[in-house]
Novice: 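Before we start, here is the structure in question, set down as structure tokens.
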Amino acid sequence: MDDLAFYIFAAVSLLSAIGIVASSNIVRSAVCLLGTLGGVACLYFVLDANLLAVIQLIVYAGGTLVLMVFGIMLTSKSPWVGFRATRGQVAGAVLVAILMAVGISTLVLTAEWSQSANAPLKTSPSVAEVGEMLLTDYLVPFEVASVLLLVVMIGAAYLARTEK
Amino acid sequence: MKTDAVDIVLESQPDINVELNGSQIQHDLPTEEMLVNMGPQHPATHGVLRIVLRTDGEMVLEAVPHIGYLHRCAEKIGETVAPYQYIPYTDRMDYLAGMNNNLGFALAVEKLTGLEQEISKRATYIRIIFAELNRIASHLVAFGTYGLDIGAITPFLYAFREREYILDLFESACGARLTYSYITIGGVTDDLPDKFVEICSEFLDYFEPKVKEYNNLLSHNHIFVKRTADIGVITGEEALDYGLTGPVLRGSGVRWDLRKVRPHCSYDEFEFDVPVGQGLKGTVGDCWDRYIVRIQEMEQSVKIIRQALEKLRGTEGQDVLHKKGKTIKLPDDDIYFEIENPRGQLGFYVQGNGAAIPARVKARGPSFCNLCVTDKVCRDVLLADVAAIIGSLDVVMGEVDR
Amino acid sequence: MSQITLPWIEKSPETLSGYRRKAILLLFVLAVGHLGIALVSLFAFKPGQLADWKIPFVLALVLGASLAGMAFTAGAFGVVFYRIIGKFLRWSYVAFALFLGGVVGACLIVWLHAEIFTFIKGLSAAEGEHRVWLLAVPYDHTVRNIYAGLEAIGVEVPVLAYALWPLQFEFIRDLVALGGIIGFISIIPAFGIWWERKVSARIQSRMGPMRVGGWHGWLQSPADGLKLIFKEDIIPPEGDPLLFRLAVYITFVPPICAFLALPFAAAWVFRDLDVALIFILAMLGIEVVGVILAGWASNNKWAVYGSMREACQMVSYEIPMGMSLLIPIMMAGSLKLTDIAGAQAGGFWNWFVFANPWCFIAFFTYYCAALASCKRAPFDLPESESELVAGFLTEYSGFRWSLFFFGEYAAMFIVAGLAVILFLGGWSSPIPEAWINSFLTAVGASPDGFFGTLARGLLAGGPIIFVLKATFLFYVQLWVRWTLPRVRIDQVLYACVQVMLPLVMVLLLANTLWILGTDHLQWGWLNVIDGILHWILVGIGVIVALAILCIALYGFKNNKRLVGQLAVVDQLPGS
Amino acid sequence: MILAVGLNHYLVLSALIFSLGVLCMATKRNAIGILIGVELVLNAANINLVAFSKYNAGVGDGHIFAVFVILLAAAEAALAIAIFMNFYNTLRTIDVDRGDELRG
């Protein structure tokens, strides 16, 4: 069942990702991004990372994506405004991307991972464990991240204002 | 990499800093101005008013009212029919206060022809009763729809519940519930039905405590006060400059009521107050003041009707309709006469040329004059405030467009 | 029901009888046909001939045909005899009977399913790996195996073995449960809208829907739904048709997904996620995207206004909402909704809302924020009628429009349910179970007997109590909506950022320190204060509950006095 | 069974999404389109982290890293959109190719 779920959600995320690239309309790209984010969140569920999945949904889909759509609305005049790259650029980019995908995939498939790559661990960290790790082992990054968020909040508010 | 769309964006870019009232408005975010058509089909424009809003986000920079969607040549028709036949057309001007419109035109014509002195006392009191009942009905609609504009739906139904009783009273007297043509040249078309006085005073007993209910429900509601106080302030001077009349003028603190200062229809025999806006919740002349003046006027109308019902007791048997009303010929003269309508001063200019049909009829509608202040008040307000301001002006488009 | 007219029935008196005769004939044929299939399927399968390769055929042909035939026959029966049925429906209290019957039936079905699932789980697995030739998935129980189990409990119907065979897969069981959830979700708007109309009518001293379905127009919502389905579906040509269609589903699906994690009782939950609470919040958050897209794709300025307001409002109110919810989480020490509700069992004084002052205030901040995030009045700015025509809904019509309302009412129920689980004790009843048990013993009924089980099931907690509590909070949402005017957008944001956010932060901090003091450091004086405040809050809660009850009773008894009465007007000649 | 999912499946999926993200960044002219590409790349990285945490190292380190990545992505998006607002305010377009001048 998990395998089937993986294939379904992987297909959803991949197709949506392709949709992001293929769509010339930026709002449609953003909607496709919702598909990818949702698909990846479902993959987290499949991987037993429940906390991460809901964080992905609440922060990415509920927060960042709304912010992006907001940004799109503030910066474009009609739903149909789109900028396209030239054919040459697109061809080059596609070539590079294909090379990159093939290269990384080959690397991944040929690499020898330290443990058995096909036997998932039975125990996944629970929410409580992740929380405890955040407040013990990773306390400094956690606090730094909170300061960073504060700085970003102030910085974003400052930057978005027009100069007086 | 230039595309057409980009060029359009570049060219049509208005200046971000808009100069208004001599003050520079700085905007936090780069935004674009948008022209929005509010109306003619919009729930908050009370009919077919169309307001073109120039907005920056939620901020309304400019609001230009466009009128004429309900134009029916009412004034021109006045030149083709006799005054007696013109009465039904006045009903359809301010369709929420038909009685008052009838009264205005009837009084103007009576003054012109000198019929004024021959109207019986009973007819006068009946006219006053119906004009004031209609004032209550009209203010009830204003109160209810103002609640709707602010987003409270329930007061509307309460207002209409009471209005139904008034309409029942009207129906019993003249058979119509909206376009009455009851007050006519030479008096009123028919005498009061049986038991009208008792029923009417019972209605007043029932209605008076309801005003308190409205105040509890809406007037002093925190959200309502927050939405209306200090919004759309019109100072007394501005109100006079713009020629505003009625509750809109009195809301700005100017104690001017034609029933007091130039009493028509023997209003001078009655005792009543003229409520004015005092800025209880905010500044004098804000939306809340205009609103509360209407509520208080309903109470005063109740007072007037009570007295009129008292005075009516000794007048049984008097003729309520003067025979000459239908057959008058207008002298070669003109007249302009104003009365106090629920919405303000309703004036009729009638010019005769010796025939039965007037040479010219012109109406000065209070809603029309009050509407002109929109442009001034709806600047630098939020979109939601536009609904609140238009609602507080209480315009009736039938009368604006005529 | 009788209000719905169908053209092919109402055409003319002559053709009507003809149509009806033909329809009845068709019905008869259908009924006989599927009775035949049912009989054949009952007797044609011999226990000796059970074989796994027959499973797809039996499921598709026999069971599928007879189930579809039954459904079709029932539907056609309803259509043909709707006049007669309509007469029955017009009897008062039929609505209640049907509603109660529905509740009891749903409970019975759930109970039956639970029994069947445990029965299948209890079967011994057949040896070896089994496959149906079309189905590559291996399974444990063969049809023979299930039949053996059935025989052991005395049910010797071979076709049942085929029917039960799919239920051994978790997937199928999930589908069944999903069917239940979707059924519940479709009842909420249908019932909720009708109820809202009745409540608003009562508040506004009028009657509300009175015609369709007889008793108080209780079938109004299905009739409206039918109308909406047949309405013309308009898509603005200048907008983005794809996103216009998609936006509906992005708004409609997440609240339904949220039901997957919402427990109705300890065992009545589709997936008891350990992050259920954040999952539900995330789902409510994704709804915004759909609304923004709806406004954007409509290419209508009012719609864009609506969606921008929605974005502002929802994104900002999610923060106080989530932070208010942190307080009960802190009290329970878990994100699992079943744990949080379980921690409040045993009497209403154990509910978190009365635990300490911070929780008490947090309940109200949560409820306000939830109102705002459900875009219910007084925060209904995104669709505010008098300002934005209909906001993001301006261009929508017909079925798409109704799907938005499905989503909205589902979200309303979810926030009400969350409030119940987190603050009001979830599905546990206000009375401790021990009291009920002792009362039952005092009366003379055994707590484990039939009446005892029934009483405990009804009173001591369970889905019925949960739904009742959630429905009350749902009702408060309606109540507020029909009483208050709408706030302005700047006031909405001011209330969130300047009032609610600092308040909730203070509450969070205070609650943290409070728990630290009472539970971990065990300061005696703080515990004393805690106890006193706790009982004061319980007292307030009892007073408020009694007051609401008294007002409700007063309104119920004097219901004539609420409506404006002026009897003499009826004597007027005109009326 | 060849379709049985293992670590490699996740890694290949992540590689594909990563490449699509890069492609998105390269082909989109709209600044927000580029931001979307960045989000894709970060998501690809996250899939890797979580998959490794599940199949390899075991403890929740991967989860923690992924949480931080999501957090940073959110922060980055907020900041980026603020910058785009500024960009748009100055140049009246969101086409990144037009932002080739160094004056503000």
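Reminder, nothing fancy here: chain letters follow the sequence lines and each chain counts from 1. Keep in mind that the numbers below use all heavy atoms, side chains included, and drop hydrogens, waters and symmetry copies.
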Novice: Taking the side chain as every heavy atom from C-beta outward, state whether D:Ile36 and A:Ile26 have any atom pair closer than 4.5 Å.
Specialist: yes

Novice: Is the distance between the ring centroids of A:Phe6 and D:Tyr10 under 6.0 Å?
Specialist: yes

Novice: Could you pull out the closest heavy-atom pair between D:Ile70 and A:Tyr60, with the gap in Å?
Specialist: CG1-CE1, 4.1 Å

Novice: Contact part of A:Ile18 toward chain D, heavy-atom cut-off under 4.5 Å: side chain, backbone, both or neither?
Specialist: both

Novice: Using non-hydrogen atoms only, which part of A:Glu129 is less than 4.5 Å away from chain D: side chain, backbone, both, or neither?
Specialist: neither

Novice: Go through the atoms of A:Leu52 and report whether side chain, backbone, both or neither lie under 4.5 Å from a heavy atom of chain D.
Specialist: both

Novice: Answer yes or no: is there a side-chain heavy-atom contact under 4.5 Å between D:Leu71 and A:Leu149?
Specialist: yes

Novice: Is any side-chain heavy atom of D:Leu72 closer than 4.5 Å to one of A:Leu148?
Specialist: yes

Novice: Could you report the tightest heavy-atom contact between D:Leu79 and A:Gly155, atom names first, then the distance?
Specialist: CD1-C, 4.1 Å

Novice: Write down the atom of A:Gly71, the atom of D:Ile81, and the distance for their closest heavy-atom approach.
Specialist: CA-CG2, 4.3 Å

Novice: Rounded to the nearest 0.5 Å, how far does OG of A:Ser16 lie from CD1 of D:Ile17?
Specialist: 9.0 Å

Novice: List the atom of A:Ala156, the atom of D:Ala78, and the distance in Å for their closest heavy-atom pair.
Specialist: CB-O, 4.0 Å

Novice: A:Leu47, A:Ile104, A:Val152: which one forms the most heavy-atom pairs within less than 4.5 Å of chain D?
Specialist: A:Leu47

Novice: Where on A:Val130 is there a heavy atom nearer than 4.5 Å to chain D: the side chain, the backbone, both, or neither?
Specialist: both

Novice: Go through the atoms of A:Thr36 and report whether side chain, backbone, both or neither lie under 4.5 Å from a heavy atom of chain D.
Specialist: side chain

Novice: Could you give the distance from CE (A:Met68) to CD (D:Glu39), rounded to the nearest 0.5 Å?
Specialist: 4.0 Å

Novice: Got D:Leu23 and A:Ile98 here, is their nearest side-chain heavy-atom distance under 4.5 Å?
Specialist: no

Novice: With a 4.5 angstrom heavy-atom cut-off, could you sort out which part of A:Ala30 is near chain D: side chain, backbone, both or neither?
Specialist: both

Novice: If you compare all heavy atoms of D:Leu20 against all heavy atoms of A:Ala17, which two are closest, and at what distance to 0.1 Å?
Specialist: CD1-CB, 3.5 Å

Novice: Would you mind reporting whether D:Phe68 and A:Leu134 have side-chain heavy atoms less than 4.5 Å apart?
Specialist: yes

Novice: Heavy-atom distances under 4.5 Å only: say whether A:Val59 touches chain D with side chain, backbone, both or neither.
Specialist: side chain

Novice: Can you tell me how the ring of A:Tyr7 sits relative to the ring of D:His9, calling it parallel under 30°, perpendicular over 60° and tilted otherwise?
Specialist: perpendicular

Novice: Rounded to the nearest 0.5 Å, what's the gap from OH on A:Tyr138 to NE2 on D:His63? Could you check?
Specialist: 11.5 Å

Novice: What pair of heavy atoms forms the shortest contact from D:Ser19 to A:Ala97, and how long is it?
Specialist: CB-O, 3.5 Å

Novice: Let me confirm one number: the OG1-CD1 distance from D:Thr27 to A:Ile20, rounded to the nearest 0.5 Å.
Specialist: 11.0 Å

Novice: Below 4.5 Å from any heavy atom of chain A, which atoms of D:Ile64 appear? Answer side chain, backbone, both or neither.
Specialist: side chain

Novice: For the interface with chain A, which of D:Leu13, D:Val12, D:Val22, D:Leu16 has the highest count of heavy-atom pairs at distances below 4.5 Å?
Specialist: D:Leu13

